[in-house]
Undergrad: 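Once you've had a glance at the structure underneath, I'll fire off some questions.
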Amino acid sequence: MYLEITTRFRDALAKHIRAKYHLELPIVLERPPKIEMGEAASPVCFELAKRLKRAPRQIAQEIQNALPPVPGVAKLEVAGAGYLNAYFDRGAFWEAAQTEAKSGDRKDSQNRLSHKIIVEHTSINPNKAAHIGHVRNAVLGDTMARTLRQAGRNVQVQNYIDNTGVQVADVVIGFLHMEKRTPVSVKMMAMEPRFDYYCWDLYAKTTQFLAENKEQAAKLRGDTLKAIEEGRGEEAEVGQVVADAIVTCHLRTMARLGIFYQLLARESEILHLHFWDLAFAKLKETGTIQFVTSGKMAGCWVMPWKEEKSGVNAESADIKNAEGTEEEENTQDKIIVRSNGTVTYVGKDIAYQLWKFGLLGKDFHYSKWPKAPEGEDVWSTTSGENDPHAPPFGAPAKTVYNVIDARQAYLQDVVAQGLRGLGHAEAAENSIHLSYEIVALTPRCAAEMGYELSPEEAKKPYVEVSGRKGLGVKADDLIDQLEAAALGEVQQRHAEMTPEEQKSTAHAIAVGALRFFLLKFTRNAIIAFDFKDALSFEGETGPYCQYAVVRIRGIRRKGVEAGAARVAVTPETAQKFLAGTEGNGLWEVLLAAGSLDYAVDAAIVAQEPAFVAKYAFQLAQAFNNFYHKHHILSEADEQKRAFLLGLTELVEAQLVRALNLMGIDAPEKM
RNA sequence: GACCCCGUAGCUCAAUCGGAUAGAGCGCCAGCCUUCUAAGCUGGAUGUUGUCGGUUCAAGUCCGACCGGGGUCGCCA
């Protein structure tokens, strides 16, 4: 609602200014600091004042008088030094909010049919258990996908499986060379439920082993990786077993958090179905990558790193080059193909990106992933038979979101540069690196985990999680802890529930706490993880928001029990309760409830899922405030009771929807 | 060294293209449960937005310099 009205207001202003003053200005709208000042304000007259060389207040006055009425806006006022403040028609807003809440999704579902959006997230190396940092990735991606869908977009979620990378190779080395196991025995182990935990430890051990045997390590890694890439020998067999089993573990972990995927895009298929060969040929043809014959990169194919050339800088950069600093060269160049012929992740990612945009002229084969954790439809790429019932995954995407942590910004730039080198500047532009900062541990938390801190680490604000060192909070452990803590609370509060109800309620609370915790930080805030904060159910948390919904449901239940008759609330009646200073408190709740579309839009424009969390919290807060001021069911005035009840249900609908965008369910009771 | 990110209340973080009096949560203090769930609410204290300069009607936000912290620059991803 809020977005609709402000959009109309903005358009009306733009149109008016264009017609009257012949100026094309971007119309900035903001939320006035106080509700008494209206619901939307524009400082556009300050800009106009500069252009027209007249006083801003005077221009504001003029526009106030001449602007044609905007539906939903009751009046316009000049405020401060020249702000134009819009006051909404509260009765009309009430009416519209009612229908919006009932109809559910936004009307602009034509987007659904137009272009396809791919959100790629999670993409954990399939060689160990998922940790808290991986969960941040998945939660951000999942929330972004849900938010885009809420706005009517056609979204497909993919999880990239790097099953032919160095990390898998390391665990294969661990099994075959350190533990001296046979493929059969690894296969047996892979059926154990905690196989990912086993690999977590094995990976740390292998890394240590390889670090201690440097000369042996390089050859071992190279040979193993090559065998895995080419799909031959015990190495490839074990690699496949490990990767598939770990992926199954990851899917199970993420399913606990309500996170699912449409397609698992496996790197092995990029190789086996010759996606890479094709991309490689194109990269060579266009000269995007070059073969190095001397120096330390001899025998590799590299992509020369260009300094950014945009606008004015291009000139100076060229001059610098012309002056001949050429000699130092190549330190930034990125190796795409190693001297032993294996491809780096970046190379494979270029091929993958090309496919996403439909620029490769090839498609994968697809088959259903056999072990979907909840029996849902998950597809996987395969180099075997193509299942004709597979959805059209190969349809080109218009926009692609790649959820990848901030440390990989350089690599993402290389991928984009590769696309541009192949003449796909538009694809590079529409390939969005949804970057986010890492989850680290506070030194205290790391110490609690039994990690020995070096003196300088102890002084730092946080310690980086490291799969190679085996340092990190495993996702399943954390969810277990959250569920246990929530269950304790639920058992205390709701002895009347069956154990199953208690468990599922505790689960919803645990998921709410965790997902909200990871979403309340903006993307480029480093989260210094601490159990105390993450396990909190009070204040700015998921359970706080869930609790507001639970309260509303309690009111509804009690209302039905009491058999209170519901009278209809007309816009005029609503207007009466919302008017004036006394009505402001109620109006703020209604306005908050009607602003979901605005929050969703902001989250998409800014690519910032945290906005959704912020919105949900503020709405819950507004409701709790309202809840303590007004006792709804004991309200004597029949009209007012019906109005308050209607407002409450409106908050419920919108809050449930907002929580849903974050993958958080509100239980009936908690 | 080059490039990128960050620096806001005791702590953790917000602040919509540059907009009106910089906001939340936690923690602390004082209150509120025979009435719809206290995982809640109310009130109180805490700020030279790292420093200096510049641009602007308007700067936490943009520009420059400096200080402090983090990251990237691997034949790892």
Side-chain angles (χ1 to χ4, degrees), chain A residues 26-34 37 41-43 46-47 49-50 55-56 79-83 85 123 125 162 165-167 169-170 218 221-222 296-297 299-300 302 305 307-308 331-332 334-340 342 344-346 349 404-411 435 437-438 440 460-462 464 468 486 489 493-494 509 513 520-522 524-528 530 532-533 536-541 543-544 546-548 550-559 562 598-599 601-602 605-606 608 610-611 614 617-618 621 624-625 627-634 648 669-670:
Chain A
I27 309 294
V28 176
L29 288 185
E30 54 155 322
R31 205 110 167 195
K34 283 191 166 182
M37 300 162 111
S42 178
F46 298 117
E47 184 62 29
K50 206 184 326 183
Y83 284 93
N85 293 7
S123 308
N125 270 303
D162 187 0
V166 174
Q167 293 208 19
D170 279 2
R221 272 198 172 121
K296 58 177 181 170
M297 292 178 183
C300 297
V302 307
W305 180 251
E307 289 302 315
E308 69 213 69
T331 53
Q332 290 252 42
K334 179 61 200 170
I335 291 171
I336 306 298
V337 179
R338 303 182 185 99
S339 55
N340 72 353
T342 56
T344 60
Y345 158 80
V346 176
D349 202 23
I404 306 175
D405 78 64
R407 292 172 303 185
Q408 300 191 44
Y410 161 69
L411 295 177
S435 154
E437 272 294 351
I438 56 165
K460 286 187 172 184
Y462 45 76
E464 192 177 338
R468 279 188 256 181
E489 288 288 329
R493 291 157 195 253
H494 296 288
I509 294 167
K520 74 176 180 183
F521 299 91
T522 51
N524 58 11
I526 296 171
I527 299 179
D530 202 325
K532 183 173 80 57
D533 296 333
S536 168
F537 298 153
E538 286 161 26
E540 193 180 352
T541 65
Y544 175 96
Q546 291 170 308
Y547 190 65
V550 166
R551 278 179 150 169
I552 294 170
R553 292 185 172 159
I555 295 171
R556 262 213 336 230
R557 272 197 309 272
K558 281 274 159 69
Y598 180 69
D601 184 64
V605 170
E608 184 50 90
F611 289 174
K614 201 50 101 186
F617 176 67
Q618 280 167 357
Q621 208 175 27
N624 274 331
N625 192 297
Y627 175 87
H628 281 271
K629 271 192 205 130
H630 303 270
H631 201 274
I632 295 155
L633 295 178
S634 64
T648 301
K669 293 179 180 177
M670 67 184 271

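The figures here come from the full heavy-atom set of this structure, side chains too, leaving out hydrogens, waters and symmetry mates. In this text the structure is predicted, and so the values were computed from the model without any measurement.
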Undergrad: Check the interface with nucleotides 41-45 of chain B: list each N/O to N/O pair with the protein under 3.5 Å, or write none.
TA:
{"from": "B:C41", "atom 1": "OP1", "to": "A:Tyr544", "atom 2": "OH", "distance (Å)": "2.6"}
{"from": "B:C41", "atom 1": "O4'", "to": "A:His628", "atom 2": "NE2", "distance (Å)": "3.1"}
{"from": "B:U42", "atom 1": "OP1", "to": "A:Asn625", "atom 2": "ND2", "distance (Å)": "2.8"}

Undergrad: Might you point out which heavy atoms bring A:Met670 and A:His494 nearest each other, and give the distance in Å?
TA: O-NE2, 2.8 Å
Undergrad: Check this for me, if you would: do A:Lys614 and A:Glu608 make a salt bridge, where the nitrogen-to-carboxylate-oxygen distance has to be below 4.0 angstrom?
TA: no
Undergrad: May I ask you to say what A:Ala409 touches in the nucleic acid, namely base, sugar-phosphate or nothing, with a heavy-atom cut-off under 4.0 Å?
TA: nothing
Undergrad: Using a 4.0 Å heavy-atom cut-off, does A:Thr541 contact any base of the nucleic acid, only the sugar-phosphate backbone, or nothing at all?
TA: nothing
Undergrad: Classify the nucleic acid contact of A:Ile336 as base, sugar-phosphate or nothing, counting any heavy atom under 4.0 Å across all strands shown.
TA: nothing
Undergrad: Output yes when at least one side-chain N/O atom of A:Tyr627 is less than 4.0 Å from OP1 or OP2 of B:A38, else no.
TA: yes
Undergrad: For A:Ile509, report the nucleic acid contact type (base, sugar-phosphate, nothing); a contact means any heavy atom under 4.0 Å.
TA: base
Undergrad: With 3.5 Å as the limit, what N/O pairs link the protein to nucleotides 55-57 of chain B?
TA:
none

Undergrad: In terms of the nearest nucleotide of RNA chain B, which residue is placed more toward the 5' end: A:Arg493 or A:Ile438?
TA: A:Arg493
Undergrad: For RNA chain B, write out the stems as range with range, using runs of 3 or more consecutive Watson-Crick or G-U pairs with both distances under 3.5 Å.
TA: B:1-7 with B:67-73, B:10-13 with B:23-26, B:28-32 with B:40-44, B:50-54 with B:62-66
Undergrad: Pick the closest RNA chain B nucleotide for A:Arg407 and for A:Gly299 by heavy atoms, then say which residue is nearer the 5' end.
TA: A:Arg407
Undergrad: Look at the side chain of A:His494 and decide which nucleotide, out of B:C75, B:G71, B:U37, has an atom nearest to it.
TA: B:U37
Undergrad: With respect to the side chain of A:Phe617, which nucleotide from B:U37, B:A24, B:C13 is positioned closest?
TA: B:A24
Undergrad: Using a heavy-atom cut-off of 4.0 Å across all strands, would you classify A:Lys669 as base, sugar-phosphate, or nothing?
TA: base
Undergrad: How is A:Arg31 classified with respect to the nucleic acid when contacts are heavy atoms under 4.0 Å: base, sugar-phosphate, or nothing?
TA: base
Undergrad: With the side chain counted from C-beta on, respond yes when A:Lys334 and A:Tyr410 share a heavy-atom pair under 4.5 Å apart, and no when they do not.
TA: yes
Undergrad: For A:Gly165, answer base if it contacts any base atom (sugar-phosphate contacts may also be present), sugar-phosphate if it contacts only those atoms, and nothing otherwise; contact means non-hydrogen atoms under 4.0 Å.
TA: nothing
Undergrad: Looking at every strand, decide which applies to A:Leu411 at a 4.0 Å heavy-atom threshold: base, sugar-phosphate, or nothing.
TA: base
Undergrad: Return no unless some side-chain N or O of A:Asn524 is found under 4.0 Å from OP1 or OP2 of B:C6.
TA: yes
